[in-house]
Amino acid sequence: MHLLKNFKENPIGFFDSGVGGTSIWKEVINRLPFEDTIYLADSRNAPYGNKNKQEIIDICVKNTEILIKNGAKIIVVACNTATTNAIDILRNTYDIPFIGIEPAIKPAALATQTKAVGILATKGTLSSELFHKTTHQFASNINIIEQEGTGLVPLIENNMIDSYKMETLLKRYLKPMTHRRIDYLVLGCSHYPYLIPKIKEIIGDDVVIIDSGFAVAKQTEKILSEYNLLNNKNESGKHYLMSNSNIETLKNLVIDVKNKTIEQHYF
Ligand code: DGL
């Protein structure tokens with residue numbers, strides 16, 4: 001049991017295998033502007049998607065311990081791979097609430113007209129039990145076209161969103177989906193929202209792209225409110241971001257966010 005003083009005023013913790021989870025973090029801080037946050041970019045261990053379940057669990061435990069030591073009152077696991085492989089263990093081990101992210105298969109399955117939905121995610125997410133369960137439960141009558149986004153996370157981590165290599169990989173992964181007439185594309189990795197402009201160039205504007213940021217922000221607010229943990233101080237939140245790798249990419253991606261400190265730490 002982790003008892004913290006001034007619980008309401010403690011920060012919301014986030015972690016991801018690197019910079020991608022900032023796409024989720026941005027949605028949360030937009031929705032909850034008075035909350036302080038602490039974000040752990042575990043870029044040194046990216047990508048998680050190629051690791052086995054036990055390795056992912058061990059990393060998630062380590063990240064959680066750091067966030068709890070830094071006073072996190074709730075933790076947003078801003079990574080699909082970490083959520084689908086480790087969130088049950090985290091919830092059973094620690095006494096603070098956890099918010100996870102999962103590929104938004106359900107809304108896509110409910111809305112598709114062509115009955116064909118694409119999903120771009122990491123190997124770790126697509127092979128997880130939780131993903132299979134969700135797909136089976138909500139999309140058994142839909143043609144789900146799964147594609148591993150191998151190589152995309154390292155390119156994003158290395159500030160190479162606009163590279164030729166990125167364009168080549170995205171075309172290779174997405175063209176077969178458009179040939180199979182998807183009308184929804186689910187982004188099952190928190191790094192991928194940063195690719196939306198590039199993805200649109202390939203699949204066009206008619207395919208609806210769904211990511212999980214908005215839903216996670218809404219859920220975070222709901223859970224904080226249920227636990228009576230919303231920060232009611234009336235001043236803008238402060239944001240502390242740590243990376244255990246080069247911080248240049250992180251800096252670039254959050255350039256517009258105010259009240260932030262970014263530091264490199266070994267963890
Ligand atoms: N942002 C992580 C996710 O949502 C990236 C996974 C990885 O590191 O492979 O799955």
Side-chain angles (χ1 to χ4, degrees), residues 13-28 39-64 67 75-88 90 98-105 118-132 134-135 146-161 166 169-170 173 185-196 198-199 209-217 219-220 241-246 249-250 252-254 267:
F14 295 76
F15 74 84
D16 178 38
S17 61
V19 297
T22 55
S23 67
I24 306 285
W25 169 80
K26 283 179 191 171
E27 300 264 7
V28 174
Y39 181 96
L40 221 68
D42 187 15
S43 298
R44 194 166 57 88
N45 286 310
Y48 288 177
N50 298 340
K51 301 191 187 317
N52 68 39
K53 189 174 169 73
Q54 191 55 50
E55 286 172 320
I56 296 172
I57 291 171
D58 292 344
I59 287 173
C60 291
V61 165
K62 185 201 69 183
N63 292 340
T64 298
L67 288 171
I75 291 178
V76 178
V77 180
C79 175
N80 292 259
T81 315
T83 300
T84 45
N85 285 280
I87 199 147
D88 289 348
L90 298 178
F98 285 85
I99 309 290
I101 55 171
E102 277 182 69
I105 286 287
I119 161 129
L120 188 63
T122 68
K123 186 174 170 195
T125 294
L126 293 176
S127 61
S128 69
E129 216 179 294
L130 193 56
F131 175 74
H132 285 291
T134 315
T135 310
E146 297 178 20
Q147 174 63 56
E148 289 175 14
T150 310
L152 301 179
V153 167
L155 289 177
I156 297 167
E157 287 293 320
N158 289 307
N159 227 347
M160 290 172 70
I161 290 177
M166 178 66 86
L169 280 184
L170 285 176
Y173 296 157
L185 172 65
V186 176
L187 299 183
C189 169
S190 58
H191 280 68
Y192 300 167
Y194 287 114
L195 303 177
I196 288 176
K198 299 263 148 222
I199 292 175
I209 300 174
I210 310 193
D211 68 75
S212 317
F214 179 77
V216 170
Q219 180 69 359
T220 306
L241 298 100
M242 296 191 228
S243 166
N244 53 14
S245 186
N246 187 328
T249 308
L250 186 58
N252 277 347
L253 292 180
V254 304
F267 59 85

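Note that the structure is predicted; figures quoted are calculated from it, not measured. Read the numbers this way: they start at 1 and go in the same order the structure lists the ligands and their atoms.
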Partners meeting salt bridge (Lys or Arg N to Asp or Glu O under 4.0 Å) with Lys26 (sequence neighbours left out): none
Residues which pass side-chain hydrogen bond (donor to acceptor under 3.5 Å, both in side chains) with Thr81, listed by chain and number, not counting sequence neighbours: Thr122, Thr125
Rounded distance (nearest 0.5 Å) linking atom OG of Ser128 with atom CD1 of Ile56: 9.0 Å
From Thr64, Ile75, Leu67, residue fulfilling side chain to side chain contact (heavy atoms under 4.5 Å, CB included) relative to Leu40: Leu67
For Asn159, all residues meeting side-chain contact (heavy atoms from CB on, under 4.5 Å), sequence neighbours excluded: Thr249, Asn252
Sub-4.0 Å heavy-atom environment of ligand 1, residues by chain: Asp16, Ser17, Pro47, Tyr48, Gly49, Cys79, Asn80, Thr81, Thr122, Val153, Cys189, Ser190, His191
Distance (rounded to the nearest 0.5 Å) between Ile156 CD1 and Met166 CE: 4.5 Å
